[in-house]
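To start, the structure under review is shown below, and the notes come after it.
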Amino acid sequence: MKVVFTTAPAQEASAIAEALLKSRLIGCANLVEGARSLYWWDGAIQDDTETLIFMETPDEHTEAVMKMLYEVHPYDVPKIVFLEPERVNDAYLEWLNSETQTS
């Protein structure tokens, strides 16, 4: 299992999560609104409010998740980070695998 996260404008975060859920590439999305992001863009420091989107996916879906995020994300260069949990409870992992069957 991998945890993938991205940031997005608040008005687009739900649509991004729903696209991945409907495709069965992720089992869950947690949207954390109100994150303040400071970053360099176009030669200047930007200061924006974004929504963090945390999602879980089986290992075999990571490339498809990456591809879909590029397709549905409004940013030219979206932040897409995959993390590998050190440990996941068996019941959650079973649930995730059952909810993300794509065939």
Side-chain angles (χ1 to χ4, degrees):
M1 175 189 135
K2 297 286 190 285
V3 175
V4 58
F5 75 93
T6 189
T7 56
Q11 65 273 20
E12 310 227 12
S14 290
I16 291 168
E18 286 178 20
L20 284 128
L21 283 163
K22 287 178 181 175
S23 69
R24 295 284 185 167
L25 293 175
I26 63 169
C28 176
N30 303 102
L31 282 63
V32 183
E33 296 180 357
R36 183 175 176 202
S37 297
L38 298 158
Y39 57 95
W40 282 100
W41 190 255
D42 288 335
I45 294 175
Q46 306 298 313
D47 187 343
D48 290 318
T49 301
E50 298 179 295
T51 295
L52 292 167
I53 309 169
F54 292 93
M55 300 162 278
E56 294 88 33
T57 188
D59 292 343
E60 63 267 18
H61 291 330
T62 56
E63 290 304 315
V65 167
M66 176 82 75
K67 183 179 183 228
M68 181 167 275
L69 278 171
Y70 271 111
E71 291 172 4
V72 300
H73 207 290
Y75 293 167
D76 293 336
V77 183
K79 176 192 301 185
I80 304 170
V81 178
F82 287 88
L83 304 172
E84 187 166 349
E86 185 174 314
R87 188 166 182 192
V88 179
N89 64 308
D90 291 338
Y92 188 82
L93 193 54
E94 286 177 31
W95 170 83
L96 177 65
N97 287 325
S98 71
E99 294 302 323
T100 55
Q101 296 299 316
T102 56
S103 49

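Note that the structure is a prediction, hence the values are computed from the model and not measured. All values below come from the heavy atoms of this structure, side chains included, with hydrogens, waters and symmetry mates left out.
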**Request:** Could you tell me whether the side chain of Q46 and the main chain of W41 form a donor-acceptor pair under 3.5 Å?
**Result:**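 Looks like yes, one N/O pair under 3.5 Å.
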
**Message:** Using only atom types and a distance under 3.5 Å, with no angle test, would you say the side chain of H73 pairs donor to acceptor with the backbone of T7?
**Reply:**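 Yes.
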
**Prompt:** So, do P58 and L96 sit near enough that their side-chain heavy atoms are less than 4.5 Å apart?
**Reply:**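 Yes, at least one pair of side-chain atoms sits under 4.5 Å.
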
**Asked** Heavy atoms, side chains only, cut-off 4.5 Å: are C28 and Y92 in contact?
**Response**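 Yes; the side chains approach each other to less than 4.5 Å.
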
Tell me the closest heavy-atom pair linking [X] and [Y], and the distance in Å.
{"X": "G43", "Y": "W40", "answer": "O-CZ3, 3.5 Å"}
{"X": "T49", "Y": "G34", "answer": "CG2-CA, 3.8 Å"}
{"X": "E56", "Y": "M1", "answer": "CG-CE, 3.4 Å"}

**Request:** Starting from L31, walk the hydrophobic network (Ile, Leu, Val, Met, Phe, Trp, Tyr; side-chain heavy atoms closer than 4.5 Å) and list everyone else you reach, by chain and number.
**Result:**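 Members other than L31 - counting any ILVMFWY side chain reachable under 4.5 Å - are V4, I16, L20, L21, L25, I26, I53, M55, V65, M66, M68, L69, Y70, V72, I80, F82.
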
**Message:** My understanding is that only residues two or more places apart in sequence, or in another chain, count here; which of them pass side-chain hydrogen bond (donor to acceptor under 3.5 Å, both in side chains) with R87?
**Reply:**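 In terms of side-chain hydrogen bond (donor to acceptor under 3.5 Å, both in side chains), with neighbours along the sequence ignored, R87 is linked to no residue.
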
**Asked** Counting only heavy atoms not in D47, do more than 12 fall under 6.0 Å of its CG?
**Response**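 Yes, the 6.0 Å shell around CG holds more than 12 heavy atoms from other groups.
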
**Message:** Check this for me: Q11, atom CD, are more than 12 non-hydrogen atoms of other residues, nucleotides or ligands nearer than 6.0 Å?
**Reply:**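 For Q11, atom CD is crowded (more than 12 foreign heavy atoms under 6.0 Å).
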
**Request:** Flag the pair K67 and E71 as a salt bridge only when some basic side-chain nitrogen lies within less than 4.0 angstrom of an acidic carboxylate oxygen.
**Result:**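 E71 and K67: salt-bridged.
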
**Request:** Indicate, with yes or no, if V81 and V32 share a hydrophobic cluster defined by side-chain heavy-atom contacts under 4.5 Å among Ile, Leu, Val, Met, Phe, Trp and Tyr.
**Result:**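 Per the 4.5 Å side-chain linkage, V32 and V81 are co-clustered.
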
**Request:** Could you please spell out the steps behind the side chain to side chain donor-acceptor pair (under 3.5 Å) verdict for E50 and Y39?
**Result:** CA-CA 12 Å; E50 298 179 295; Y39 57 95; 5.2 Å; no

